[in-house]
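All remarks here apply to the structure that follows.
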2 protein chains.
Amino acid sequence: MLERPVSSVSAELIAVLAAVTAGVPRVLTLGGGAVLPSGPLSPEHRSLQAGLRAWVERQTHHPLGYVEQLYTFADNDRNAEHGSFGRAISISYLGLTREQPNQQDAAATWQDWYQYFPWEDRRTQEEENQPVARALRGWAQTAASPAERKARRQRSAIAFGLEGRRWNEEMVLQRYELLYEAGLVAEAARDGIAGPSELAGLRLGQAMRQDHRRILATGIARLRAKITYRPVVFELMPPQFTLLDLQRSVEALAGRLLHKQNFRRLVEQQELVEETGLMADATGGRPAKLFRFRADVLQERAYAGTKPPLGRS
Amino acid sequence: MLERPVSSVSAELIAVLAAVTAGVPRVLTLGGGAVLPSGPLSPEHRSLQAGLRAWVERQTHHPLGYVEQLYTFADNDRNAEHGSFGRAISISYLGLTREQPNQQDAAATWQDWYQYFPWEDRRTQEEENQPVARALRGWAQTAASPAERKARRQRSAIAFGLEGRRWNEEMVLQRYELLYEAGLVAEAARDGIAGPSELAGLRLGQAMRQDHRRILATGIARLRAKITYRPVVFELMPPQFTLLDLQRSVEALAGRLLHKQNFRRLVEQQELVEETGLMADATGGRPAKLFRFRADVLQERAYAGTKPPLGRS
DNA sequence: CAAAGATATGCTCAGTATGAGTATTAGGAG
DNA sequence: CTCCTAATACTCATACTGAGCATATCTTTG
């Protein structure tokens with residue numbers, strides 16, 4: 001148990017750093033939007049998180065606030081860029097911040113994350129995405145056996161809310177994986193996975209290098225799940241905001257619109273925010289009160305970890 | 001970005017393998033209960049999961065069913081057993097199974113997991129755990145500043161549901177971390193963290209080597225969270241069972257008792273199970289119907305990943 | 001200045017989930 | 001036949017959710 005051979009691997013830290021600016025959810029990238037900030041774990045890093053912070057701050061000059069671990073990948077067929085010295089492990093993190101005005105580093109750019117996942121933004125049209133649905137049907141048709149055809153149709157329907165099912169906004173990763181498997185995203189072609197020939201030209205969303213788009217999908221999925229049961233939005237908000245600002249940010253993350261009155265009821269009954277006494281300079285209608293997050297609640301909830309932030313009082 | 005020095009580390013795979021037998025939640029261990037199954041990731045493993053399966057099956061001869069990744073740790077001060085060759089990374093997984101009758105390997109033993117976390121089992125007494133509460137108060141008293149005293153009291157209260165707060169069964173990791181910090185578990189003493197001197201003899205629960213107990217706490221916390229929003233219990237159940245069997249298993253995991261009538265209402269309205277037509281051989285009262293899980297629902301929910309398993313229909 | 005347009009904010013209502021309790025049924029043990 | 005135990009069936013109050021109506025307070029426009 002204790003004495004055993006140790007084979008060495010290389011470990012890489014990858015950050016999905018998210019912000020919401022003017023109702024647009026954005027992710028910090030390098031290489032013109034092709035890769036996420038990342039770098040190898042090295043001995044001088046005191047911890048995984050410390051290493052991540054060092055890399056992000058070095059590569060992007062952007063400070064890191066709230067951070068949580070996402071997932072650890074070993075490279076697989078999709079991503080065989082390692083040499084013969086061994087295997088590469090990627091430890092990914094999700095970070096939440098606000099965009100800083102003083103972006104000194106032009107190499108680091110914020111990108112609307114829906115440019116990578118256009119099918120994930122249903123704020124403008126709620127209905128089912130026709131091109132994607134059609135492409136998935138085409139993929140299902142090309143299956144070898146009837147059983148496999150049925151399985152593909154069912155998976156498509158569950159993931160994309162087709163055939164009368166509800167759209168589940170947290171299934172970001174499943175949807176991306178399905179499109180990859182169906183050969184409908186550029187990474188699939190790159191990795192030698194062909195889609196249905198009649199759809200060979202289809203390249204849904206903007207591609208990223210290696211499997212960074214998959215990691216981004218994992219981050220979005222985690223964030224969407226988390227905002228429903230933990231007050232994490234506040235990491236993304238300025239010190240003061242109107243309730244509509246807050247709602248727009250949540251909607252941007254969730255990719256769908258919310259009922260305004262119910263949203264404010266929810267926020268207020270949870271006692272997450274308090275009035276600042278100031279009003280927003282009106283942008284069109286009745287001026288809105290400015291709110292801030294209540295420090296004490298945040299502190300407790302930050303520590304409480306998982307449980308009852310929404311839900312019973 | 002692409003050309004960079006790679007420092008190598010060693011990567012270890014660790015399994016928290018859980019089962020519930022006769023209302024007792026158990027974890028598969030080696031070394032007489034002192035360590036979790038684990039082994040280094042090696043080049044022949046096709047993936048992290050494949051490596052984990054290989055190690056567990058080699059060390060324990062127990063097949064692995066459902067598996068999900070838990071967390072990745074880099075070793076820190078707590079656990080400085082690595083040599084000078086570099087850093088060690090531990091990638092932990094949670095697995096769910098049923099205990100196999102044919103245990104060929106005596107080195108692998110199933111342990112009641114509450115022997116490591118006695119304070120987590122509140123099925124017999126709901127009230128607050130007096131010795132622990134007293135010890136934590138003692139720890140809070142020894143803080144240097146009044147502010148720190150208050151912070152310690154508050155954290156204790158939140159984590160352990162003291163001072164009229166609700167017990168949150170998902171905060172397993174926070175509770176363990178708090179006891180560690182307070183010097184109330186053996187690992188703390190081993191790592192040179194002293195608790196309040198008047199409680200120097202207190203060693204809550206059975207210790208494990210390295211930080212395996214912390215990993216176990218992470219696994220229990222994840223499982224407790226998961227059963228509330230995903231039907232994962234079925235991985236732990238035999239093919240047929242009564243509703244009370246099912247309830248006892250959930251209670252075992254959650255560490256608290258549930259209202260029987262409401263539990264069956266919940267299970268039935270979710271349409272998770274169906275009658276087999278058979279009856280259990282009564283053990284005391286009216287005989288109970290035997291149920292099985294519905295295959296179709298399980299298949300869909302398995303794929304659905306996170307979302308609406310309990311909750312609205 | 002009055003009306004129109006745009007939000008903010010307040011309130012109602014039905015459907016449903018949840019926690020807790022009462023009542024009835026069907027076996028075994030004595 | 002009666003008691004004991006557990007299974008199963010209902011009831012009820014409360015809380016949360018989704019949806020919509022109504023009113024208030026600004027700005028813009030004629």
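Note that the structure is predicted; figures quoted are calculated from it, not measured.
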Would you please test A/Thr97 and A/Leu236 for side-chain contact (heavy atoms from CB on, under 4.5 Å) and show each step?
-> CA-CA 5 Å; A/Thr97 25; A/Leu236 303 163; 6.0 Å; no
Whole-Å distance separating the CG atom of A/Leu290 from the C1' atom of C/dT7 | 14 Å
Would you say a side-chain N or O of B/Lys260 is under 4.0 Å from OP1 or OP2 of D/dA7?
-> yes
Pick base, sugar-phosphate or nothing for B/Lys289, based on heavy-atom distances below 4.0 Å to the nucleic acid.
-> sugar-phosphate
Identify which one of B/Glu169, B/Glu170, B/Glu120 satisfies the salt bridge (charged side-chain N to carboxylate O under 4.0 Å, His left out) criterion when paired with B/Arg175.
-> B/Glu120
Against the side chain of B/Leu266, the closest entry in D/dA24, D/dT17, C/dT18 is C/dT18
Roughly, in whole Å, what's the span from CD in B/Gln270 to C1' in C/dT18?
-> 13 Å
Kindly state which residues belonging to residues 243-253 of chain A come within less than 4.0 angstrom of DNA chain D, counting heavy atoms of the residue only, listed by number.
-> none
Check: B/Phe293 ring centre within less than 6.0 Å of B/Phe241 ring centre | yes
For a side-chain hydrogen bond (donor to acceptor under 3.5 Å, both in side chains) with B/Gln206, tell me which candidate from B/Gln111, B/Arg213, B/Gln115 qualifies.
-> B/Gln115
Pairwise 5' ranking along DNA chain C for A/Arg265 and A/Thr242, keeping only the more 5' one | A/Thr242
Phosphate oxygens OP1/OP2 of C/dT9: is one of them under 4.0 Å from a side-chain N or O of A/Arg264?
-> yes
Scan side-chain atoms only and decide if B/Gln174 and B/Tyr176 contain a donor-acceptor pair under the 3.5 Å cut-off.
-> no
Specify the separation, in whole Å, of atom CD of B/Glu268 and atom P of C/dT16.
-> 18 Å
For the pair made of NE2 in A/His259 and C1' in C/dA8, what is the distance, rounded to whole Å?
-> 13 Å
Whole-Å distance between C/dT9 P and A/Phe263 CZ?
-> 13 Å
Could you please spell out the steps behind the side-chain contact (heavy atoms from CB on, under 4.5 Å) verdict for A/Glu68 and A/Tyr66?
-> CA-CA 7 Å; A/Glu68 74 174 59; A/Tyr66 172 89; 2.5 Å; yes
Atom CD of B/Glu275 and atom C1' of D/dT8: how far apart are they, to the nearest Å?
-> 11 Å
Measure the acute angle between the ring planes of B/Trp110 and B/His62, then classify it against the limits of 30° and 60° as parallel, tilted or perpendicular.
-> perpendicular
Could you state the CE-C1' distance from B/Met279 to C/dG28, rounded to the nearest angstrom?
-> 14 Å
Euclidean distance, atom CZ of residue B/Arg286 to atom C1' of C/dA26 [Å, nearest integer] = 5 Å
5'-most by nearest nucleotide on DNA chain D - A/Gln261 or A/Arg256 | A/Arg256
